[in-house]
J.: 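Just passing along the structure, written as structure tokens.
Quick caveat, the model's predicted, so the values are computed rather than measured. Order of the sequence lines fixes the chain letters, A, B, ..., with proteins taken first and strands second; residue numbering starts at 1 for each chain.
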2 protein chains.
Amino acid sequence: MIQELINRYVTVSFQVHKKAESLIKCQLGNDLTNDQHYILRYMFNSGSCTSTELAEVFEVNKSAITAIISRMADRGLIERTRDENDRRVVYLTLTDEGKDLYQKAQERIHYLVESIITQFEEPEIKAFINTYEKLAQVLDNKKLEEREE
Amino acid sequence: MIQELINRYVTVSFQVHKKAESLIKCQLGNDLTNDQHYILRYMFNSGSCTSTELAEVFEVNKSAITAIISRMADRGLIERTRDENDRRVVYLTLTDEGKDLYQKAQERIHYLVESIITQFEEPEIKAFINTYEKLAQVLDNKKLEEREE
DNA sequence: CGTGAATAGTTAAAGTGTTGAACTAATTTT
DNA sequence: AAAATTAGTTCAACACTTTAACTATTCACG
């Protein structure tokens with residue numbers, strides 16, 4: 001019983017994940033990679049942040065962040081400013097160009113998601129999103145468990 | 001109203017996908033990358049396939065498939081055999097080693113998913129998976145629409 | 001039948017994303 | 001003040017991706 005649920009979950013989550021990824025990639029076109037869009041997304045909502053913070057949130061090595069931020073800074077999407085109090089720290093902020101690009105991308109993604117969501121009944125999609133949000137919470141706790149080990 | 005649902009959906013799906021990705025990566029360890037695991041997964045279920053088929057399913061360029069299959073063949077996970085009737089075609093099959101590795105990986109992922117699923121009530125998770133499966137269907141149609149454009 | 005078009009797959013160059021290790025520079029600890 | 005920690009970068013190496021050019025084979029049709 002539980003085994004069947006696990007099988008169905010594994011199958012469908014891999015499928016949806018992959019397809020969603022390539023639909024988003026398609027929406028972003030040549031403007032942004034999926035990873036850069038995700039970074040832009042985080043920074044747009046968090047205001048200003050540091051490399052270490054990004055590395056923790058995205059669970060990648062700090063040098064991966066240095067690399068991706070450098071590419072985005074070269075394109076004028078992000079600015080680096082050194083903290084005057086603690087000169088080890090570098091604050092990352094979006095430029096106006098970065099914000100614009102994010103908002104354009106976000107519009108296209110919302111359009112995509114709308115075209116998907118409207119194919120469901122409202123109660124169904126609400127229940128789905130509720131469970132999805134609980135799932136996000138469970139995955140977060142999972143991450144903490146691992147760190148404690 | 002719908003705007004709020006879209007926002008919640010976008011936010012939560014990005015979060016869950018990223019976290020699931022890194023949890024799976026963690027389970028796979030140094031044995032397999034997520035992409036290689038996904039290829040193994042497809043091949044395990046489909047028996048034998050071709051590069052062109054993989055390129056279509058995963059929506060990537062054929063040369064990306066050549067590259068990843070070459071790496072996996074070098075490791076002895078996959079074998080290439082040329083079709084004797086149509087000598088342009090190369091059939092890809094899993095070696096015993098490839099099957100073993102997939103099954104080991106799959107056990108670990110099932111264990112992970114079980115530990116997540118059991119934190120939900122059965123009716124809730126069933127309803128969730130049902131909608132998830134419909135969603136997979138909708139995304140597939142989306143892909144077809146795009147092709148027709 | 002033969003030539004040109006289409007198909008299956010590979011190779012090569014270039015770019016993105018990732019890790020681990022070694023490093024610089026600044027701050028904290030003791 | 002010396003040792004340890006922290007923030008971030010650089011480098012080498014590898015995985016994945018795309019585009020374009022290529023080989024080899026098969027198909028289509030005049």
J.: Check every strand shown and say whether A:N85 touches a base, only sugar-phosphate, or nothing at a heavy-atom separation below 4.0 Å.
T.: sugar-phosphate
J.: So does A:T52 get a side-chain nitrogen or oxygen closer than 4.0 Å to the phosphate oxygens (OP1/OP2) of D:dG8?
T.: yes
J.: Starting at CD of A:Q36 and ending at P of C:dT16, how long is that distance when rounded to a whole Å?
T.: 7 Å
J.: For the pair made of CZ in B:R82 and P in D:dT25, what is the distance, rounded to whole Å?
T.: 7 Å
J.: Taking side chain as C-beta onward, heavy atoms only, is A:L40 less than 4.5 Å from A:M72?
T.: yes
J.: Have a look at B:T50 and say if it touches a base, only the backbone sugar-phosphate, or nothing, with a 4.0 Å heavy-atom cut-off.
T.: sugar-phosphate
J.: Per the atom types in the model, does the base of D:dT9 pair as donor or acceptor with the side chain of A:S51 at under 3.5 Å?
T.: no
J.: Which whole-number value in Å describes the distance from A:N34 CG to C:dG17 C1'?
T.: 12 Å
J.: Taking only N and O in the side chain of B:R71, is any of them less than 4.0 Å away from OP1 or OP2 of D:dC16?
T.: yes
J.: Using distance alone, with no hydrogens and no angle criterion, decide if A:D35 and A:T33 have a side-chain donor and acceptor under 3.5 Å apart.
T.: no
J.: Applying a 4.0 Å non-hydrogen cut-off, can you work out what A:T33 is touching in the nucleic acid: base, sugar-phosphate, or nothing?
T.: sugar-phosphate
J.: Taking the nucleotide of DNA chain C with the closest heavy atom to each, which residue, B:V90 or B:K25, is nearer the 5' end?
T.: B:V90
J.: Go nucleotide by nucleotide along DNA chain C from the 5' end; which of B:D86 and A:A67 gets its closest nucleotide reached first?
T.: B:D86
J.: Side chain of B:T95, backbone of B:L77: donor and acceptor closer than 3.5 Å?
T.: yes
J.: Would you kindly give the CZ-to-P distance between B:R80 and C:dA8, to the nearest whole Å?
T.: 16 Å
J.: Taking atom P of C:dA8 as reference, at what distance in whole Å does atom NZ of B:K62 sit?
T.: 6 Å
J.: Measuring only between side-chain heavy atoms, which start at C-beta, is B:L112 closer than 4.5 Å to A:K142?
T.: yes
J.: Answer yes or no: is there a donor N or O on one side and an acceptor on the other, between the side chain of A:R80 and the main chain of A:L92, under 3.5 Å?
T.: no
J.: Rounded to the nearest angstrom, tell me the gap between atom CD in A:E21 and atom P in C:dG17.
T.: 12 Å
J.: Measure CD1/A:I24 against C1'/D:dT17 and give the value in whole Å, please.
T.: 18 Å
J.: Whole Å only: how far is the CG atom of B:N61 from the P atom of C:dA13?
T.: 17 Å
J.: Please determine whether any donor N or O and acceptor N or O are separated by less than 3.5 Å between the side chain of B:S63 and the base of C:dG9.
T.: no
J.: Would you say the side chain of B:R88 and the base of C:dT7 hold a donor-acceptor pair, judged only by whether the two atoms sit under 3.5 Å apart?
T.: yes
